[in-house]
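Everything on this sheet refers to the single structure shown next.
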Amino acid sequence: MWMIPGQNQTRVSEFVLLGFSSDPSTNSILFIVFLLIYLSSVMGNGLIILLICMDTKLHNPMYFFLCILATLDMGSATTTMPQMLVHLLVHSKTISFAGCWMQMYVFCALSATESIFFVVMAYDRYVAICYPLHYTVILNWGLCIRLAGGSLVCGFLAALLHTFFTMRLPYCGPNKVNHYFCEGPSVRSLSCMDTHIIEMVDQVLSVCMVLTPLSLIVTSYIHIVKAVLKIKSSQARCKAFSTCASHLTVVTLFYVPATYIYIRPNSSYSPERDKQISLFYNVFTALLNPMVYSMRNKDIKRAFLKVMTHGRVD
């Protein structure tokens, strides 16, 4: 800790991440479990990125967006899990103030970008089903790049505001964060001043980054359902709904826990419950997303089989 000039207070220079358990044997088991999950998520998302890049038949807007989603998932898991794995093995579980600042910013930026990006993917499905003949004209590569770039800019700016307002608070001790990474509400609860105004600002940002995208996704799917119900062939209807099933699954896996963590009233804050729930939108979505898309997608499975049998994709 260091002294705040002109004040009889100290300010923390590092935080201690308590993680899940203080028992070494329990931590050893958790290390093996989370290491397997992390490696599986990196390999799964990396494989999807590789297949999309290698197979020219997958060079279209839907798979371009899927490739970016896989990159975001891989980056989000890598921001938190390697350090968590180290802390499960070593006695010291400290992270510097600057390191905490950076981890919070990068994780929030990637998560906020992913939240916005799900809207882009919903728009892609909306155009594909409601305007199939004009799909490539509407979603041309210029628009795809602008949508992806806009999502990144909005996500990183929102994360900058969230991180700035959280980390500029005075932290005078204690410095023990009841979480496995520097997550905003968990760190903010250690501040030695009233955080009511900051919490209100953060709540507004959370609504913009969670509820607004979610409402746009719901609106897109209302139009999609209306369009699909007009299709006379039951087989065509099933095929149309099938193309949306994977996206709806990953949206649910992401938004349900994220909504609980960031939209729920501050009075219901529970550190133990929150760090368990955060595993779903941080760790398990990165693991499950490749499985959801690969199991339900014939093009991905076809490209994978070609690589396994021929060592390349034509």
Side-chain angles (χ1 to χ4, degrees), residues 37-38 40-49 51-52 58 60-77 81 110-130 139 147-148 151 155 209-229 231 235-263 276-304:
I37 291 174
Y38 175 63
S40 299
S41 64
V42 170
M43 291 173 62
N45 285 291
L47 180 60
I48 284 183
I49 295 169
L51 292 175
I52 292 173
L58 300 181
N60 60 50
M62 184 178 80
Y63 292 109
F64 171 68
F65 295 144
L66 178 57
C67 185
I68 294 177
L69 177 65
T71 304
L72 291 172
D73 280 335
M74 196 159 50
S76 181
M81 292 197 70
L110 295 174
S111 298
T113 301
E114 187 164 340
S115 179
I116 300 169
F117 203 70
F118 279 127
V119 180
V120 175
M121 297 180 75
Y123 176 68
D124 168 73
R125 292 299 83 209
Y126 164 74
V127 175
I129 292 174
C130 296
L139 273 174
L147 289 172
S151 299
M209 291 295 106
V210 178
L211 291 187
T212 301
L214 188 57
S215 64
L216 292 173
I217 292 171
V218 171
T219 301
S220 296
Y221 274 100
I222 289 174
H223 289 290
I224 288 171
V225 170
K226 288 180 179 179
V228 171
L229 292 177
I231 301 175
Q235 185 177 1
R237 283 201 301 268
C238 290
K239 184 177 180 181
F241 277 127
S242 178
T243 62
C244 301
S246 298
H247 180 250
L248 284 173
T249 302
V250 297
V251 162
T252 302
L253 289 171
F254 179 87
Y255 279 106
V256 170
T259 300
Y260 172 80
I261 293 291
Y262 293 104
I263 304 298
Q276 293 169 6
I277 292 175
S278 69
L279 284 172
F280 284 93
Y281 71 88
N282 177 21
V283 176
F284 292 115
T285 52
L287 173 68
L288 295 174
N289 284 0
M291 297 181 185
V292 170
Y293 276 105
S294 61
M295 286 190 297
R296 300 189 60 90
N297 193 294
K298 293 180 180 178
D299 294 330
I300 294 290
K301 288 190 285 188
R302 175 190 54 77
F304 177 71

### Pair Leu58-Arg302, side-chain contact (heavy atoms from CB on, under 4.5 Å): steps then yes or no
CA-CA 11 Å; Leu58 300 181; Arg302 175 190 54 77; 4.2 Å; yes
### CA sep, side-chain torsions, deciding dist, call: Ile48, Asn289, side-chain contact (heavy atoms from CB on, under 4.5 Å)
CA-CA 10 Å; Ile48 284 183; Asn289 284 0; over 6 Å; no
Would you sort out whether Val283 and Ile37 count as a side-chain contact (heavy atoms from CB on, under 4.5 Å), showing the intermediate values? CA-CA 8 Å; Val283 176; Ile37 291 174; 3.4 Å; yes
TODO: Give the C-alpha distance, both sets of side-chain angles, the deciding distance and a yes or no for side-chain contact (heavy atoms from CB on, under 4.5 Å) between Val251 and Ile217.
DONE: CA-CA 9 Å; Val251 162; Ile217 292 171; 4.3 Å; yes
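Put simply, OG on Ser41 and CE on Met74 are 9.0 Å apart, with the number rounded to the nearest 0.5 Å. Note: Leu253 CG to Leu248 CG = 11.0 Å, rounded to the nearest 0.5 Å. The CG atom of Leu216 lies 11.0 Å from the CG atom of Leu211; values are rounded to the nearest 0.5 Å. The CE atom of Met121 lies 8.5 Å from the CE atom of Met62; values are rounded to the nearest 0.5 Å. Distance check, rounded to the nearest 0.5 Å: CG of Leu147 to CD1 of Ile116 gives 11.5 Å. One finds the CD1 atom of Ile224 at 11.5 Å from the OH atom of Tyr123 (value rounded to the nearest 0.5 Å).
For Tyr38, the side-chain hydrogen bond (donor to acceptor under 3.5 Å, both in side chains) criterion is met by Thr78, not counting sequence neighbours. For the ring pair (Phe, Tyr, Trp, His ring centres under 6.0 Å) test, residues two or more places apart in sequence or in another chain that qualify with Phe280 are Phe284.
Residue Ala258 comes nearest to Tyr281 through the heavy atom pair N-CD2, 4.1 Å, listed as atom of the first residue, atom of the second, then distance. Between Leu110 and Ser76, the closest heavy-atom pair is CD1-N, 3.4 Å. Annotation for Ala227 and Ile129: closest pair CB-CG2, 4.4 Å, computed over non-hydrogen atoms. Closest heavy-atom contact between Leu287 and Pro290: O-CD, 3.4 Å. Residues Phe254 and Ser111 come closest through the heavy atom pair CZ-O, 3.5 Å. Smallest separation of non-hydrogen atoms from Leu139 and Pro61: O-CG, 3.4 Å.
The shortest distance between side-chain heavy atoms of Ile300 and Tyr63 falls below 4.5 Å.
Using modelled atom types and a 3.5 Å distance limit, the side chains of Ser115 and Tyr255 yield a donor-acceptor pair.
Looking only at distances, no side-chain donor or acceptor of Thr212 sits under 3.5 Å from a matching main-chain atom of Met209.
A parallel orientation is assigned to the rings of Tyr221 and His247, their planes being inclined by less than 30° (bins at 30° and 60°).
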